[in-house]
Amino acid sequence: MSLSFLYYVLMLFTLSTGNNSGQLRKNPMSHLGAVQIYYFYDSRLPSAIGEAMDGLTQDLLNKQYAELVQNGDIIYHQIDLASPVGQQVAHKCNITMTGLVVGRHTRVVNLTQNGYSYARSEPLAFQKNLAFHINRLLPASKRPD
């Protein structure tokens, strides 16, 4: 098992127990089984490709997974690499630039390379690949048709 993988798992656990909405959750561990999508960006260095990845990811979640997002089965995190917390998370998972990571439990898929390859030139290919990985991580009973 690689050290990077362990950092990803630690990141997933750390962010899963955090409070993203500003409201206190009754059971902060209740969503650990959710598919977690992490978009890393650097507010100091805007990236057109990064903005495309973010926009395409949000578009896919709104169109195809809106109910699962609303139920907490899919959680989307935007992490600014310029913030102290963002730097800590990036350091833990060895992220140095804009990127996209999808995970659930101990399964983690880094889609950064795919994002840079397809986000601007072939947006449908990017979304199909992202949907494929989300569906693989979702329990069979929750996968959209």
Side-chain angles (χ1 to χ4, degrees), residues 4-44 46-95 97-145:
S4 295
F5 175 77
L6 292 175
Y7 284 135
Y8 279 120
V9 172
L10 180 61
M11 175 197 64
L12 290 171
F13 178 75
T14 302
L15 291 176
S16 294
T17 59
N19 186 0
N20 297 330
S21 65
Q23 299 172 350
L24 184 62
R25 295 177 186 262
K26 291 181 182 177
N27 182 359
M29 304 298 279
S30 64
H31 65 286
L32 281 178
V35 172
Q36 308 276 333
I37 303 171
Y38 299 93
Y39 166 65
F40 291 92
Y41 69 98
D42 191 333
S43 61
R44 300 168 296 193
S47 164
I49 293 174
E51 290 174 9
M53 282 193 288
D54 180 37
L56 290 169
T57 301
Q58 288 187 40
D59 182 58
L60 178 69
L61 293 176
N62 290 335
K63 288 181 179 175
Q64 199 167 332
Y65 300 100
E67 186 177 328
L68 293 172
V69 171
Q70 185 176 15
N71 293 341
D73 293 316
I74 297 175
I75 300 173
Y76 184 58
H77 304 277
Q78 295 174 314
I79 301 171
D80 186 358
L81 297 171
S83 72
V85 173
Q87 289 175 358
Q88 290 174 354
V89 174
H91 179 72
K92 287 179 183 178
C93 62
N94 205 19
I95 297 287
M97 61 182 192
T98 299
L100 189 67
V101 176
V102 180
R104 180 171 176 256
H105 295 303
T106 59
R107 295 177 63 191
V108 178
V109 181
N110 188 337
L111 297 175
T112 300
Q113 185 174 0
N114 174 272
Y116 276 95
S117 297
Y118 297 114
R120 292 192 67 195
S121 62
E122 298 179 53
L124 291 177
F126 171 83
Q127 286 184 324
K128 283 182 182 180
N129 187 51
L130 178 57
F132 171 79
H133 287 290
I134 291 171
N135 289 338
R136 284 186 57 203
L137 293 171
L138 281 170
S141 63
K142 295 186 179 185
R143 293 179 188 152
D145 297 331

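Just the heavy atoms: all of them, side chains too, but no hydrogens, waters or symmetry mates, feed the values below.
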For Y41, check ring-ring contact (aromatic ring centres under 6.0 Å, His included) against everything at least two apart and list the hits.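 Residues passing ring-ring contact (aromatic ring centres under 6.0 Å, His included) with Y41: Y39.
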[atom1]-[atom2] distance between [X] and [Y], expressed to the nearest 0.5 angstrom:
{"X": "T57", "Y": "I134", "atom1": "OG1", "atom2": "CD1", "answer": "7.5 Å"}
{"X": "R104", "Y": "I75", "atom1": "CZ", "atom2": "CD1", "answer": "11.5 Å"}
{"X": "L124", "Y": "L60", "atom1": "CG", "atom2": "CG", "answer": "10.5 Å"}
{"X": "L137", "Y": "K142", "atom1": "CG", "atom2": "NZ", "answer": "13.5 Å"}
{"X": "N135", "Y": "L130", "atom1": "CG", "atom2": "CG", "answer": "9.5 Å"}
{"X": "I49", "Y": "Y118", "atom1": "CD1", "atom2": "OH", "answer": "13.5 Å"}

Salt bridge (Lys or Arg N to Asp or Glu O under 4.0 Å) partners of K128, counting only residues at least two apart: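 Scan of K128 (salt bridge (Lys or Arg N to Asp or Glu O under 4.0 Å), adjacent residues dropped) gives none.
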Looking at D73, N71, L138, V35, which hits side-chain contact (heavy atoms from CB on, under 4.5 Å) with Y65?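 When side-chain contact (heavy atoms from CB on, under 4.5 Å) is applied between Y65 and each of D73, N71, L138, V35, only L138 qualifies.
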Looking at every non-hydrogen atom in both residues, tell me the closest pair between [X] and [Y] and how far apart they are.
{"X": "S43", "Y": "D80", "answer": "OG-OD2, 2.8 Å"}
{"X": "A66", "Y": "N62", "answer": "CB-O, 3.4 Å"}
{"X": "G115", "Y": "M53", "answer": "CA-SD, 3.4 Å"}
{"X": "I37", "Y": "L100", "answer": "CG2-CD1, 3.8 Å"}
{"X": "A34", "Y": "G72", "answer": "CB-O, 3.2 Å"}
{"X": "R120", "Y": "A52", "answer": "CG-CB, 3.9 Å"}

Close side-chain approach of R136 and R107, heavy atoms under 4.5 Å: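 They are in contact (side-chain heavy atoms under 4.5 Å apart), so the answer is yes.
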Are the side chains of V69 and Y76 in touch, meaning some heavy atoms are under 4.5 Å apart?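 Answer no - side chains too far apart.
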Working note: T112 + F40, criterion side chain to side chain contact (heavy atoms under 4.5 Å, CB included); need CA distance, chi angles, decisive distance, verdict. CA-CA 9 Å; T112 300; F40 291 92; over 6 Å; no
Carefully, step by step, assess Y116 and T98 under the rule side chain to side chain contact (heavy atoms under 4.5 Å, CB included). CA-CA 9 Å; Y116 276 95; T98 299; 3.4 Å; yes
Please say whether more than 12 non-hydrogen atoms of neighbouring residues, nucleotides or ligands are located less than 6.0 Å from CD in E67.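 No, the 6.0 Å shell around CD holds no more than 12 heavy atoms from other groups.
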